Amino acid sequence: MATMQTVQVELGTRSYPIYVSPGLFAEDGNAKELLRPYAAGRKVLIVADSNVAPLYAAAVERAVREVSGEETALCVFPAGEQSKNFETVAMICRTCAQNQLDRGSLIAGLGGGVTGDMAAFAASIYMRGIDCIQVPTSLLAMVDSGAGGKTGVDLPEGKNLIGSFYQPKAVLMDTEFLKTLPRRELINGFAELIKHAILFDRGLFDKLLNAGDDILTHPPMDEMTELIALSCGLKAGVVSRDEQEKGERMLLNLGHTFGHAIEKVQDFCGFEHGEAVGTGLAASARLARELGLLAQDEEEKIEEIVRKYELPMAIEDCKPEELLHAMYSDKKNRNGTIRLILPHAIGHCEVHHDVPDETILKIWESFLP
Ligand code: ADP
Ligand code: ZN
């Protein structure tokens, strides 16, 4: 078995480890040992969606049960963003109550970002807060939502409008789980991984750019473990320096002001989140080059990586003016200006507030087919 990688998220008394390894939850895997500090002698509720539960709940239950010494409870909800609401959170909390979970119990989120966000949100409010651990199964959740402690649910008025910061006690990532992830979801996850590389780590960027062509078809487990651990290390650093997004953590919005605008104008029925972020990364690079902040060959490399990971480089059926308007309504903006994160080099980005509308419109136009 490949060696396990460990990343520590440093947050004082709330610090926690992220473990990344293929086969963690295999019968002879390390999961039992890693779970012991959090699950021994405790009642555990596993939360999973209807796609992930049939695939992996049994393996996780087996590991948890051996350590906790009790039957585990399972809460399954219908897969998809449309489940990310208060009703599902209420169902998770009710399942906790029906299974006599108490202040000393544990919730484990097993799944993608939707599951992780809701499991952690439920854990943060059930009995005024009980412990949770995360077992991310999508690449997006592994590199993005698995580490960082953001929880959330959607409202009819908008996505992620409700939520809190609530850090897990540990995050266990079994990269073998990625083998069943649909290709489109894998691509989504790569968008956030590429984002971390453009923000902070040229070496990681080159690894991603030079990865073999099988990376999307048969992602090699050792390589994935390394890439995910590097990405988590970068994000963990940001989160420990700026847990509540008052400063540096804003950088993680690279590609997202553009991406959110696309998702919004498409009424969340077009690109998936990662796809929109991928286009947003290319748009940020083009804009940075247009403003003379980024060298041409750097910008070309960013477009090349976006294409390599089959992220979209053209937006159909959207008007540039609508996209610009949507950028103004992004909840991350302040004082009526558009806040953009722009690359100055691969591995170094900065926050900008003062980009003229005409320049942004020109960039949007360049992405129309
Ligand atoms: P995110 O992209 O934020 O992780 P979701 O939690 O909705 O969002 O996960 C994306 C989709 O991938 C969902 O349909 C989910 O059920 C599915 N999924 C997550 N992990 C796996 C996996 N390891 N194998 C197969 N499907 C998975
Ligand atoms: Zn994102």
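Counting convention: from 1, in listed order, for ligands and their atoms alike. Remember, it's a predicted structure, so these values are computed and weren't measured experimentally. Only heavy atoms go into these numbers, but all of them, side chains included; no hydrogens, no water, no symmetry mates.
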Engineer: Would you check, one step at a time, whether the test ring-ring contact (aromatic ring centres under 6.0 Å, His included) holds for Tyr56 with Phe177?
Structural biologist: CA-CA 8 Å; Tyr56 302 116; Phe177 289 178; 4.0 Å; yes

Engineer: Regarding ligand 1, does Ala79 bring an N or O atom to under 3.5 Å of one of the ligand's N or O atoms?
Structural biologist: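 Such a contact does not occur with ligand 1.
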
Engineer: N/O to N/O below 3.5 Å, does that happen between Tyr56 and ligand 1?
Structural biologist: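 N/O-N/O distance under 3.5 Å: no.
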
Engineer: Would you mind checking which non-hydrogen protein atom is closest to atom 19 (C) of ligand 1, with the distance to 0.1 Å?
Structural biologist: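 Minimum-distance protein heavy atom for atom 19 (C) of ligand 1 reads Thr137 OG1, 3.5 Å.
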
Engineer: What do we get for Pro136 next to ligand 1 when only non-hydrogen atoms under 4.0 Å count, side chain, backbone, both or neither?
Structural biologist: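 Neither; no heavy atom under 4.0 Å.
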
Engineer: I'd like to check whether Val52 has a polar contact with ligand 1, where a contact means an N/O of the residue lying under 3.5 Å from an N/O of the ligand.
Structural biologist: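 No, Val52 has no N/O under 3.5 Å of an N/O on ligand 1.
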
Engineer: Return the closest protein heavy atom for atom 8 (O) of ligand 1 as residue, atom name and distance.
Structural biologist: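 In this structure, atom 8 (O) of ligand 1 has Gly113 N, 3.7 Å as its nearest protein heavy atom.
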
Engineer: Could you grab the distance from atom CD of Gln5 to atom OG of Ser21, nearest 0.5 Å is fine?
Structural biologist: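 Those atoms lie 9.0 Å apart.
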
Engineer: Looking just at side-chain N and O atoms, do His344 and Glu298 make a donor-acceptor pair shorter than 3.5 Å?
Structural biologist: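 Side chains of His344 and Glu298: no pair found under 3.5 Å.
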
Engineer: Considering only protein heavy atoms, which is closest to atom 9 (O) of ligand 1, and at what distance to one decimal place?
Structural biologist: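 Result for atom 9 (O) of ligand 1: Gly112 CA, 4.0 Å.
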
Engineer: Counting only N and O atoms by type, is there a donor-acceptor contact under 3.5 Å from the side chain of Arg42 to the main-chain atoms of Gly69?
Structural biologist: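 Pair absent, no side-chain N/O of Arg42 close to backbone of Gly69.
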
Engineer: Any atom of ligand 1 sitting under 4.0 Å from a heavy atom of Asp49?
Structural biologist: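 Distance cut 4.0 Å: Asp49 passes for ligand 1.
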
Engineer: Is there a side-chain contact between Arg339 and Thr257 in this structure, where contact means two heavy atoms from C-beta onward sitting under 4.5 Å apart?
Structural biologist: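 Not touching, per the 4.5 Å side-chain cut-off.
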
Engineer: Please work out, at 4.0 Å between heavy atoms, whether the side chain, the backbone, both, or neither of Leu55 comes within that distance of ligand 1.
Structural biologist: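 Within the 4.0 Å criterion, Leu55 contacts ligand 1 through side-chain atoms alone.
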
Engineer: Between the side chains of Arg286 and Ser366, is a donor N or O closer than 3.5 angstrom to an acceptor N or O?
Structural biologist: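 Result is yes, a qualifying pair exists.
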
Engineer: For atom 26 (N) of ligand 1, what's the nearest protein heavy atom and its distance?
Structural biologist: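 Looking only at protein heavy atoms, the one closest to atom 26 (N) of ligand 1 is Pro182 CD, 3.8 Å.
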
Engineer: Looking only at distance, does Gly80 have an N or O less than 3.5 Å from an N or O of ligand 1?
Structural biologist: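 No, no N or O pair falls under 3.5 Å.
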
Engineer: Of Glu303, Glu304, Gln296, which is the lone residue that meets side-chain contact (heavy atoms from CB on, under 4.5 Å) with Glu300?
Structural biologist: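 Of the listed options, the one satisfying the test is Gln296.
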
Engineer: Honestly, is Arg14 close enough over Phe165, meaning NZ or CZ under 6.0 Å from the six-membered ring centre and within 45° of the axis?
Structural biologist: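 No cation-pi geometry.
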
Engineer: Is there at least one pair of N or O atoms, one from Thr180 and one from ligand 1, spaced under 3.5 Å apart?
Structural biologist: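 Yes.
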
Engineer: So which protein heavy atom does atom 5 (P) of ligand 1 come closest to, and at what separation?
Structural biologist: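 Here the nearest protein heavy atom works out to Val114 CG2, 3.8 Å.
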
Engineer: Write out the residue and atom name of the closest protein heavy atom to atom 14 (O) of ligand 1, then the distance separating them to 0.1 Å.
Structural biologist: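 Nearest neighbour among protein heavy atoms for atom 14 (O) of ligand 1, to 0.1 Å: Asn51 ND2, 3.0 Å.
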
Engineer: Can Glu243 and Gln167 be counted as having a side-chain donor-acceptor contact under 3.5 angstrom?
Structural biologist: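 Their side chains do contain a donor-acceptor pair, which is all the 3.5 Å distance test asks for.
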
Engineer: As an exercise, identify every atom of ligand 1 less than 4.0 angstrom from a heavy atom of Phe177.
Structural biologist: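 Within the 4.0 Å cut-off of Phe177, ligand 1 contributes 22 (C), 23 (N).
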
Engineer: To the nearest 10 degrees, how large is the angle at the Zn ion (ligand 2) between His273 NE2 and Glu192 OE2?
Structural biologist: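 NE2 of His273, the Zn ion (ligand 2) and OE2 of Glu192 span an angle of about 100°.
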
Engineer: Give a yes or no on whether Val153 and Tyr166 share a hydrophobic cluster (residues Ile, Leu, Val, Met, Phe, Trp, Tyr; joining criterion: side-chain heavy atoms under 4.5 Å apart).
Structural biologist: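 No, it is not one cluster - the side chains of Val153 and Tyr166 are not joined through contacts under 4.5 Å.
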
Engineer: What protein heavy atom is closest to atom 21 (C) of ligand 1, reported as residue, atom name and distance in Å?
Structural biologist: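 So the nearest neighbour among protein heavy atoms is Leu181 CD1, 3.5 Å.
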
Engineer: Provide, to 0.1 Å, the distance between atom 3 (O) of ligand 1 and the closest protein heavy atom, together with that atom's residue and name.
Structural biologist: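 Nearest neighbour among protein heavy atoms for atom 3 (O) of ligand 1, to 0.1 Å: Leu140 CD2, 3.1 Å.
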
Engineer: Any chance the side chains of Thr217 and Asp214 put a donor and an acceptor closer than 3.5 Å?
Structural biologist: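 Note: Thr217 and Asp214 side chains miss the donor-acceptor criterion.
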
